[in-house]
Amino acid sequence: MQLKTILTTATMALGLATAALADGHEKTKVGFVYVGPVGDFGWSYEHNEGRLAVMEEFGDSVETTFVESVPEGADAERVLTQMALSGHDLIFTTSFGYMDATMNVAAKFPDVKFEHATGYKRADNVSTYGARFYEGRAVIGHIAGKMTETNKVGYIASYPIPEVIRGINSAYLHAQKVNPDVEFNVVWVYSWFDPAKEADAAKALIEQGADVIMQHTDSTAPMTIAEEAGIVAFGQASDMKNFGPNAQLTAIIDNWAPYYIDRVRAVKDGTWSSMDTWDGIAPGMVELAPISDKVPADVKAEAEAMAAAIAAGDYHPFTGPINKQDGSAWLAEGEVADDGTLAGMNFYIEGVQGEIPN
Amino acid sequence: MDLSAINPIVLIASLMVASTPILLAAIGELVVEKSGVLNLGVEGMMITGAICGFAMAVETGSPALGFIGAALGGAALSLIFAFLTQVLLSNQVATGLALTLFGLGFSALIGQSYIGVKPPTSATLILGLDAMVFVGIGIIAVTWWVLKYTRVGLILRAVGENHDAAHALGYKVVLIRTAAIAFGGACAGLGGAYLSLIRVPQWTEGMTSGAGWIALAIVVFASWKPWRVLLGAYLFGGITVLQLNLQAAGVKIPVEYLSMSPYLITIIVLVIMSADRTRTALNAPAMLGRSFHASN
């Protein structure tokens with residue numbers, strides 16, 4: 001009798017354990033690696049919003065984890081290995097600089113699926129995804145060209161990678177179309193997230209006459225400085241209106257949630273395969289924050305019309321004729337840039353001052 | 001290229017602003033190290049000061065009270081370090097690193113409700129400079145004077161050079177070191193608050209982004225001499241600001257050289273200053289990083 005009770009209890013315990021195990025295994029474990037803190041209210045913040053959307057969508061059937069402020073380089077490889085070892089099914093590495101680390105770790109863990117943001121290296125278990133931010137940059141470039149009075153636009157850039165160079169070209173091209181005298185002063189800060197340095201860069205640009213600030217870094221510091229100096233700026237990656245209620249004209253917002261939900265679903269369904277996704281305004285991966293009332297109504301209408309034309313596929317921001325910086329021809333009249341060239345863009349277009357650092 | 005766009009006076013003012021956070025943190029750490037303690041938690045104390053000062057300034061509407069709050073916050077955090085290393089005799093390097101991690105997490109936690117809030121504006125004295133820039137220089141001057149000319153300074157240095165001898169003379173080694181650690185925490189807190197209240201001015205998680213480590217390097221750079229901390233901080237901060245200004249002016253120097261210049265010049269100066277090895281070795285406090293217990 002007693003033995004039977006013990007046996008029953010043991011069996012029940014075993015059963016529970018098996019159920020728990022099965023349950024644990026069914027749960028899809030998704031990891032995220034961020035380059036800045038979740039609270040940067042820029043780039044990493046939006047990726048985390050995407051993670052939260054995944055949790056909301058799938059509830060208890062997924063488990064998500066994240067590691068923030070992971071430096072690009074050897075540290076990233078360590079973090080990724082740790083994630084792969086701890087049973088993650090899918091790992092999103094959300095910065096360009098994680099590319100080699102992602103490839104190296106993915107080669108060691110063929111059963112774990114990886115998604116690398118804004119990169120160009122793929123494998124059977126590595127997908128890449130990115131957003132056509134240059135579409136948004138075209139719209140804000142147009143507004144900047146119309147709004148600047150000193151004809152100097154200050155541009156705070158992070159690293160000289162194709163993503164950033166494409167943004168500078170796209171913004172300049174459309175600013176210069178509506179204002180031939182416009183000049184872009186580009187300052188490279190060599191960091192994605194360094195509020196103090198970004199603030200110093202914004203101050204240096206403003207002291208030298210810039211009255212519009214654009215940034216391709218992740219913190220809200222440049223927006224705060226623009227607000228303080230009484231000039232205008234554009235938010236990057238997130239709506240930064242809280243940090244510059246008067247300064248922000250609009251912001252490019254990255255909306256990763258639909259993509260993340262799709263990819264997690266694909267892993268759960270077993271339909272995940274390596275692919276390259278590059279979406280823009282049309283599917284909503286790139287959004288624009290409401291345009292400020294500071295922008296005259298006609299400019300606002302033009303900007304909205306441009307965004308609509310891009311979304312509809314009627315207009316490509318890189319449509320010829322466009323020359324390279326050295327004056328050589330790049331795109332002929334009416335020719336549209338192909339994705340390959342755009343993805344690897346390593347040259348300035350005609351009119352942009354300065355040189356791209358190596 | 002348009003160098004005339006750079007106004008030298010404005011440039012010097014922004015140099016002083018950019019240098020003040022690391023200057024404050026470094027002078028605090030100098031005192032700590034002079035007492036023979038190595039506290040690697042500067043980054044953690046800075047960020048804690050940044051949020052404590054920010055929260056205090058926002059709640060009271062007074063930047064001055066904010067800075068006081070920052071100093072208290074930084075000092076409070078450093079007392080955890082003091083308790084662990086001085087009373088429980090934990091390893092100083094490991095405890096310092098843990099303090100940085102704790103500070104970063106703790107500040108993010110209490111900073112949740114201050115994201116996107118605007119701090120009260122600080123009054124400027126001359127050239128757009130605020131009082132804290134001069135307070136920083138004042139702290140350097142006082143530290144130099146105290147260390148060099150007063151009995152308190154002598155005792156502090158004695159504890160840092162030979163804690164057993166100082167103990168034998170009847171000085172309370174643990175107490176003196178705890179006081180030095182608290183001073184270091186308060187200074188680091190002020191440096192952090194300078195970032196969140198004046199230089200940026202906003203609260204963002206992880207906003208110190210490595211400034212505490214630069215402050216630690218500057219103490220070594222300064223070979224534990226107060227005025228050289230000022231020199232080191234201004235050199236590093238100055239070249240950082242200068243290179244950003246040169247970039248903005250479109251000077252035809254490759255950006256990669258401009259960007260690396262603060263680090264490059266710091267290394268060069270460090271090499272020159274440490275050329276005389278015996279003198280450098282003499283400057284480092286002999287008991288740096290060593291735990292003290294009366295039974296030893």
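- Proximity to chain A is absent for every atom of B:Pro21, based on heavy atoms less than 4.5 angstrom apart.
- Of all the heavy atoms in B:Val17 and A:Lys203, the pair that sits closest is CG1-NZ, 4.3 Å.
- For A:Ala199, the part sitting under 4.5 Å from any heavy atom of chain B is the side chain, from C-beta outward, and nothing else.
- Contact check for B:Thr208 versus A:Pro195: no side-chain heavy atoms found under the 4.5 Å cut-off.
- Distance check: B:Glu256 CD to A:Ile356 CD1 gives 11.0 Å after rounding to the nearest 0.5 Å.
- Considering only heavy-atom pairs separated by less than 4.5 Å from chain B, the leading option among A:Asp200, A:Asn185, A:Asp194, A:Val189 is A:Asp200.
- Both the backbone and the side chain of A:Thr220 come within contact range of chain B, with heavy atoms under 4.5 Å apart.
- Atoms NZ and CZ, on B:Lys118 and A:Phe243 in that order, are 12.5 Å from each other to the nearest 0.5 Å.
- Between B:Leu195 and A:Ala196, the closest heavy-atom pair is CD2-CB, 3.6 Å.
- No more than 12 heavy-atom neighbours from other residues, nucleotides or ligands sit within 6.0 angstrom of CD on A:Glu355.
- With a 6.0 Å radius and a threshold of 12 heavy atoms from other residues, nucleotides or ligands, A:Asp293 has its CG atom at or below the threshold.
- The CD atom of B:Glu205 lies 8.0 Å from the CZ atom of A:Phe41; values are rounded to the nearest 0.5 Å.
- Annotation for B:Phe106: atom CZ does not count as buried by contact number, only 12 or fewer foreign heavy atoms lying within 6.0 Å.
- In this structure, chain B has a heavy atom under 4.5 Å from the side chain of A:Glu228, while its backbone stays farther away.
- Only the side chain of A:Glu68 comes within contact range of chain B, judged by heavy atoms closer than 4.5 Å.
- Interface remark: of the candidates A:Thr224, A:Asn242, A:Val186, A:Thr224 forms the most heavy-atom pairs closer than 4.5 Å to chain B.
- Note that CE of A:Met223 is 10.5 Å distant from CD of B:Gln202, once rounded to the nearest 0.5 Å.
- Of the inter-residue distances, the one linking B:Thr204 atom OG1 with A:Asp218 atom CG reads 11.5 Å to the nearest 0.5 angstrom.
- Looking at B:Gln112, neither its backbone nor its side chain comes within 4.5 Å of chain A, counting heavy atoms on both sides.
- To the nearest 0.5 angstrom, A:Lys197 atom NZ is 6.5 Å from B:Leu244 atom CG.
- B:Gly206 approaches A:Phe193 most closely through the heavy-atom pair O-CE2, 3.4 Å.
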